[in-house]
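No experiment lies behind these values; they were computed from the predicted model shown. Note that ligands are numbered from 1 as they come in the structure, with each ligand's atoms numbered from 1 the same way. Note that the numbering runs from 1 along the sequence shown for the chain.
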Amino acid sequence: MNTDLVIYNIGQLVTGRELEIENNSCMENIEIIENGYLVVRDGKIVTVGSGEIPSKYVNLTTKLIDCEGRVVTPGLIDSHTHLVHGGSREHEFSKKIQGVPYLEILKSGGGILSTVKSTKEATEDELLKKAKKSLGVMLSLGVTTVESKSGYGLDLETELKQLRVNERLNHEQEVEIISTFMAAHATPPEYNGDSEKFIDDVIKMLPIIKENKLAKFCDIFCEEGVFSKAQSKKLLLEGKKYGLKPRIHADEIENTEGAQLAVEIGAYSADHLMAISNEGIEVLKNSKTIANLLPGTSFNLGKEYAPARKMIDSGVQVALSTDYNPGSCPSENLQLVMQIAASKLRMRPLEIFKAVTINAAKALDKEKEIGSLEEGKNADIVIFDAENIDYILYHFGINHTKKVFKNGCLVFKK
Ligand code: IZC
Ligand code: ZN
């Protein structure tokens with residue numbers, strides 16, 4: 001058989017394949033192969049295994065990579081970011097450190113609204129250049145797929161500008177972008193607080209987003225004083241009519257039963273959940289909705305963390321993402337988020353790798369193509385300069401990536 005690439009002598013090969021076994025927790029059920037190898041052809045995984053590589057997979061044109069006992073995992077997936085934006089908000093950082101709440105900064109015209117101003121002022125090319133720079137950082141950290149939301153336009157023209165940047169990014173650099181329409185991020189000041197009128201105007205944008213095929217998902221900031229549960233339901237159900245799959249910023253600062261709404265409307269993910277209730281956990285655990293946790297945000301805002309342990313021990317499936325944005329989490333570093341998940345969310349190594357691979361793929365409705373190294377799936381692969389996965393989480397604050405492959409091609413090398 002003609003093959004393009006064989007990676008062998010892998011100390012730990014985390015395939016991300018879900019196993020039908022009873023384990024310590026509902027999230028430690030992913031396959032990990034000791035002394036593994038991996039075979040790639042035409043950008044797809046042919047097979048994985050342990051020990052000697054069967055000779056049929058090696059021929060004259062096969063590129064062979066000796067891993068020298070290192071860790072290999074699926075390309076990491078960052079399933080929640082606000083990647084495309086103008087400006088930055090370090091001018092608000094000192095206020096935050098002194099304890100001024102996030103929502104108070106927003107109410108006084110800063111926060112999200114400050115980034116809306118900068119994003120309106122920026123040209124499409126400027127937004128593209130800035131986002132590309134961030135994606136370069138993400139790729140170097142082993143991230144091969146990124147979800148990217150609009151929501152710094154709040155008017156049709158600027159929302160479309162952000163979404164067009166997402167589309168161009170897919171042609172102009174290696175990381176795959178999954179696009180989300182999120183005009184319902186804050187009510188613009190000219191509405192004088194009439195969020196109901198604004199939601200109706202966002203609903204009017206839906207046919208145009210669909211017509212231009214610019215987004216896969218629709219999202220909303222369901223939060224006390226931002227958009228209510230009823231408004232969120234109204235928008236996300238309308239979005240569904242236009243083929244936009246729902247996801248939701250839920251129970252981030254106050255509990256507004258966002259998790260329950262996510263399950264009710266069949267959202268692919270309920271994101272944040274720092275303020276989730278016990279009832280919310282009960283509802284999530286019996287659903288297909290992924291609990292997408294963003295502990296980099298808690299870290300940056302000095303806030304409490306989502307009750308990940310309680311969720312996982314109850315049977316909830318969790319993903320982890322950066323939430324990269326200029327306000328509540330100005331960091332592209334998913335590896336750091338994984339390390340915070342270990343120390344602050346008390347998540348275990350296999351749970352953490354499941355959260356940034358197959359569960360993140362499910363949160364993006366992409367699990368048939370990415371998120372695990374299984375026959376026929378995309379050859380998105382990371383080689384880490386570590387002998388075992390525990391080390392990657394334990395030795396924190398540095399980048400452990402050695403090589404990254406996207407669709408079988410080497411796209412980053414240290
Ligand atoms: O720009 O502050 N939480 N939206 C909801 C954000 C954080 C992003 C921002
Ligand atoms: Zn967000």
Side-chain angles (χ1 to χ4, degrees), residues 78-93 95-96 100-120 122 127 130-131 134 146-154 158-159 162 166 178-188 195 215 217-227 231-232 236 246-254 256 258 262 267-275 290-304 306 319-332 334 337 360 363-364:
D78 193 343
S79 59
H80 182 138
T81 85
H82 303 254
L83 170 73
V84 178
H85 58 263
S88 68
R89 309 218 293 260
E90 68 273 18
H91 56 277
E92 293 171 356
F93 194 46
K95 267 194 210 165
K96 276 189 205 147
V100 182
Y102 174 86
L103 289 177
E104 202 168 294
I105 295 174
L106 175 60
K107 264 192 211 139
S108 63
I112 295 169
L113 295 174
S114 146
T115 303
V116 168
K117 188 166 177 286
S118 315
T119 306
K120 281 188 182 181
L127 294 177
K130 184 168 159 66
S134 287
V146 169
E147 185 258 14
S148 169
K149 303 175 199 297
S150 69
Y152 292 125
L154 313 184
T158 318
E159 291 290 317
Q162 277 190 279
N166 281 345
I178 312 289
S179 198
T180 297
F181 171 62
M182 195 184 161
H185 196 186
T187 299
S195 55
F217 291 99
C218 183
D219 197 342
I220 182 165
F221 191 11
C222 179
E223 182 61 62
E224 196 64 55
V226 187
F227 297 110
Q231 290 169 337
S232 304
L236 294 176
R247 54 197 313 114
I248 176 166
H249 283 61
D251 305 329
E252 176 179 354
I253 299 161
E254 303 282 341
T256 61
Y268 284 77
S269 67
D271 300 51
H272 283 293
L273 305 175
M274 281 114 91
I290 297 283
N292 202 359
L293 308 186
L294 319 165
T297 302
S298 302
F299 177 84
N300 180 252
L301 295 178
K303 290 280 194 190
E304 70 215 73
L320 287 164
S321 308
T322 58
D323 192 23
Y324 171 58
N325 75 75
S328 61
C329 192
S331 170
E332 296 93 339
L334 187 59
V337 165
L364 297 178

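- Looking at residues two or more places apart in sequence or on another chain, you find a side-chain contact (heavy atoms from CB on, under 4.5 Å) between Y102 and R89, I112, F221, I253, L301, S328.
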Go through the steps for Q162 and T119 under the test side-chain hydrogen bond (donor to acceptor under 3.5 Å, both in side chains), then give the verdict. CA-CA 8 Å; Q162 277 190 279; T119 306; 5.4 Å; no
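- The side-chain contact (heavy atoms from CB on, under 4.5 Å) with E252 is formed by just one residue from the set L273, T297, D271, V226; it is T297.
- Shortest contact from atom 4 (N) of ligand 1 to any protein heavy atom: H185 NE2, 2.7 Å.
- One finds an angle of 100° at the Zn ion (ligand 2) between NE2 on H249 and NE2 on H80, to the nearest 10 degrees.
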Working note: S148 + N166, criterion side-chain hydrogen bond (donor to acceptor under 3.5 Å, both in side chains); need CA distance, chi angles, decisive distance, verdict. CA-CA 7 Å; S148 169; N166 281 345; 2.7 Å; yes
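- From the protein, the heavy atom lying nearest to atom 1 (O) of ligand 1 is Y152 OH, 2.6 Å.
- In terms of heavy atoms, C329 sits closest to T322 at SG-O, 3.3 Å.
- Heavy atoms of E252 found under 4.0 angstrom from ligand 1 belong exclusively to the side chain.
- When hydrogens are left out, the protein atom nearest atom 2 (O) of ligand 1 is Y102 OH, 2.5 Å; that is the closest non-hydrogen contact.
- Residue contacts with ligand 1: R89 is included, with a non-hydrogen atom under 4.0 Å away.
- The only member of L294, T81, V337, L293 that meets side-chain contact (heavy atoms from CB on, under 4.5 Å) when paired with D323 is L294.
- Counting only N and O atoms by type, the side chains of H249 and H80 include a donor and acceptor under 3.5 Å apart.
- Near N325, meaning under 4.0 Å from one of its heavy atoms, ligand 1 places the atoms 1 (O), 2 (O), 8 (C), 9 (C).
- Ligand 1 has I112 within reach: a non-hydrogen atom of the residue lies less than 4.0 Å from it.
- For the pair S328 and ligand 1, a heavy-atom separation below 4.0 Å is found.
- The atom of D323 that is an N, O or S and sits closest to the Zn ion (ligand 2) is OD1.
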